[in-house]
Amino acid sequence: MKAAVIESLGRAVVTEVPDPAPGPREVVVEVAACGLCGTDLHILQGEFAPKLPIVPGHEFAGTVVATGAQVTEITTGDRVAVDPSLYCYECRYCRSGHNNLCERWAAIGVTTAGGAAQYAVAPVANCVKLPDHVRTEDAALIEPLSCAVRGYDVLRSRLGSHVLIYGSGTMGLMMLELAKRTGAASVDVVDLNPARLETARLLGVSGAAAGADELDRPGDWDVVVDATGNAAAIQDGLGRVAKAGTFLQFGVADYATRVQIDPYRIYNQEITITGSMAVLHSYERAAELFANGVLDPGVFISDRLPLERYPQALEQFAAGVGRKIVVVP
């Protein structure tokens with residue numbers, strides 16, 4: 001079969017690889033669409049994936065074409081979205097309900113072959129059937145949405161909060177949509193990319209600007225979310241949190257990224273600084289929200305490129321052009 005392969009640092013190619021076969025409790029999915037994510041860029045740069053080469057792609061959906069001998073819940077022809085998370089269920093973090101912090105954490109498309117291919121293997125337990133009205137080629141959005149749902153689980157937002165989001169790429173826009181639905185009194189978005197800010201305005205924001213100082217809001221924000229991973233954005237955002245407010249590190253920063261904090265201010269103003277890592281008990285809820293129309297795929301997916309152009313898709317994504325880019329085998 002044809003698949004994208006990150007062969008070595010900075011090098012991705014599309015080539016032929018062996019067809020996958022399912023294990024006893026696995027299925028083979030014919031991929032309809034696979035989204036690109038910042039994690040894919042980190043893998044390309046030598047982070048996350050334990051070894052190369054790897055077939056990337058952890059945001060995907062498709063049709064089941066083969067099932068393992070012990071699979072009874074799903075049959076060939078079923079359309080599914082796939083939760084890429086792979087946990088050991090044995091370590092202290094799994095046993096305490098923090099599976100996303102698993103000591104043996106793994107993921108389809110990160111540590112094992114993923115969905116940037118014609119076919120992909122997944123545990124049957126990771127597959128969520130799609131209702132008839134959901135297009136399979138749009139359902140690659142469910143995985144990033146499940147990360148955003150996890151982010152709001154961490155925030156435990158109060159009704160009437162004033163929210164500031166740094167970044168209006170796919171994840172920032174998803175956090176925007178969820179903020180509106182979790183009772184925020186206002187949602188402001190900051191981004192240096194004018195085209196992405198226009199999309200935020202299209203979705204409905206209280207304010208959108210290149211910098212927080214340009215926003216028409218006195219005082220600070222109850223909730224500040226970084227969806228960029230950029231040091232300058234994070235540093236600025238930390239200074240915008242209101243007393244008793246929360247800063248959520250949601251964007252994936254480079255390992256070397258450093259910012260400064262003010263311990264006295266955190267103490268004296270009871271500021272919470274927290275993070276949200278990937279997916280945790282949120283994939284099925286994201287699938288239901290998606291089926292109920294929480295996101296408009298026509299707005300979120302800006303580019304659908306053939307799998308053969310995967311290296312070019314990575315370059316476009318790295319350049320910040322467009323919103324969600326998906327490849328179609």
Side-chain angles (χ1 to χ4, degrees), residues 1 3-4 17-37 39-40 54-89 94 99-100 102 104-150 174 278-295 297 301 307 324 326-329:
M1 69 170 183
V17 300
D19 289 346
R25 291 285 294 162
E26 293 179 331
V27 302
V28 176
V29 176
E30 183 177 11
V31 178
C34 178
L36 272 66
C37 168
T39 298
D40 299 315
I54 188 75
V55 177
H58 59 279
E59 304 176 0
F60 67 98
T63 302
V64 175
V65 294
T67 61
Q70 297 176 16
V71 173
T72 58
E73 304 92 330
I74 285 177
T75 61
T76 57
D78 285 343
R79 299 178 310 115
V80 298
V82 178
D83 180 350
S85 308
L86 302 172
Y87 309 131
C88 76
Y89 298 101
C94 284
N99 303 69
N100 60 326
C102 173
R104 303 178 186 90
W105 183 90
I108 301 168
V110 181
T111 58
T112 65
Q118 290 177 292
Y119 302 97
V121 171
V124 65
N126 292 52
C127 297
V128 176
K129 291 184 184 180
L130 298 174
D132 292 341
H133 70 278
V134 173
R135 299 198 323 158
T136 320
E137 55 267 37
D138 294 337
L141 289 171
I142 293 175
E143 195 281 339
L145 179 59
S146 71
C147 294
V149 171
R150 166 61 182 161
M174 287 187 176
V279 181
L280 180 64
H281 311 312
S282 55
Y283 196 91
E284 288 79 3
R285 285 180 290 147
E288 290 193 55
L289 286 169
F290 188 77
N292 289 331
V294 70
L295 305 179
I301 299 176
L307 178 62
K324 176 56 68 178
V326 301
V327 292
V328 181

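For clarity, every value in this text was computed on a predicted model and none was experimentally measured.
For L280, the side chain to side chain contact (heavy atoms under 4.5 Å, CB included) partners at least two apart in sequence or on another chain are N99, N100, R150. For E143, there are no salt bridge (charged side-chain N to carboxylate O under 4.0 Å, His left out) partners two or more places apart in sequence or in a different chain. Under the salt bridge (charged side-chain N to carboxylate O under 4.0 Å, His left out) criterion, R135 pairs with E137, D138, not counting sequence neighbours. Annotation: salt bridge (charged side-chain N to carboxylate O under 4.0 Å, His left out) contacts of D78 (sequence neighbours excluded): K129. Scored by the side-chain hydrogen bond (donor to acceptor under 3.5 Å, both in side chains) test, S85 finds D83, Y87 as partners (sequence neighbours excluded).
Here the CG atom belonging to L289 is positioned 11.0 Å from the CE atom belonging to M174, to the nearest 0.5 angstrom. Taking CD of E284 as the reference point, atom CD1 of I142 lies at 10.0 Å (rounded to 0.5 Å). Interatomic distance, T111 OG1 to H58 NE2, rounded to the nearest 0.5 Å: 11.5 Å. Distance check, rounded to the nearest 0.5 Å: CD of E26 to CD1 of I74 gives 12.5 Å. The SG atom of C127 sits 13.5 Å away from atom CZ of R79, with the distance rounded to the nearest 0.5 Å.
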Before giving the answer on side chain to side chain contact (heavy atoms under 4.5 Å, CB included), spell out for V327 and V31 the whole-Å C-alpha distance, their side-chain angles and the decisive distance to 0.1 Å.
CA-CA 10 Å; V327 292; V31 178; over 6 Å; no

As a quick check of understanding, evaluate side chain to side chain contact (heavy atoms under 4.5 Å, CB included) for D19 and Q118, giving each step before the final call.
CA-CA 9 Å; D19 289 346; Q118 290 177 292; 5.9 Å; no

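Heavy-atom neighbours of E73 CD from other residues, nucleotides or ligands within 6.0 Å: above the threshold of 12.
A pairwise comparison of heavy atoms in I108 and G114 identifies CG2-CA, 3.7 Å as the closest pair. The two atoms that bring V328 and A32 nearest to each other are CG1-O, 3.5 Å, heavy atoms only. What you find for S282 and V149 is that their closest heavy atoms are CB-CG1, 3.8 Å. Scanning all heavy atoms of the two residues, the minimum distance from A286 to L145 falls at O-CD2, 3.4 Å. Considering every non-hydrogen atom in both A140 and G35, the closest pair reads CB-N, 4.0 Å. Heavy-atom minimum distance, V55 versus A116: CG1-O, 3.8 Å.
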Please report, to 0.1 Å, the donor-acceptor pairs under 3.5 Å made by any side chain of residues 63-71, with sequence neighbours excluded.
none

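A heavy-atom distance below 4.5 Å is not found between the side chains of P56 and T39. Side-chain contact between Y119 and P329 is absent, with no heavy-atom pair separated by less than 4.5 Å.
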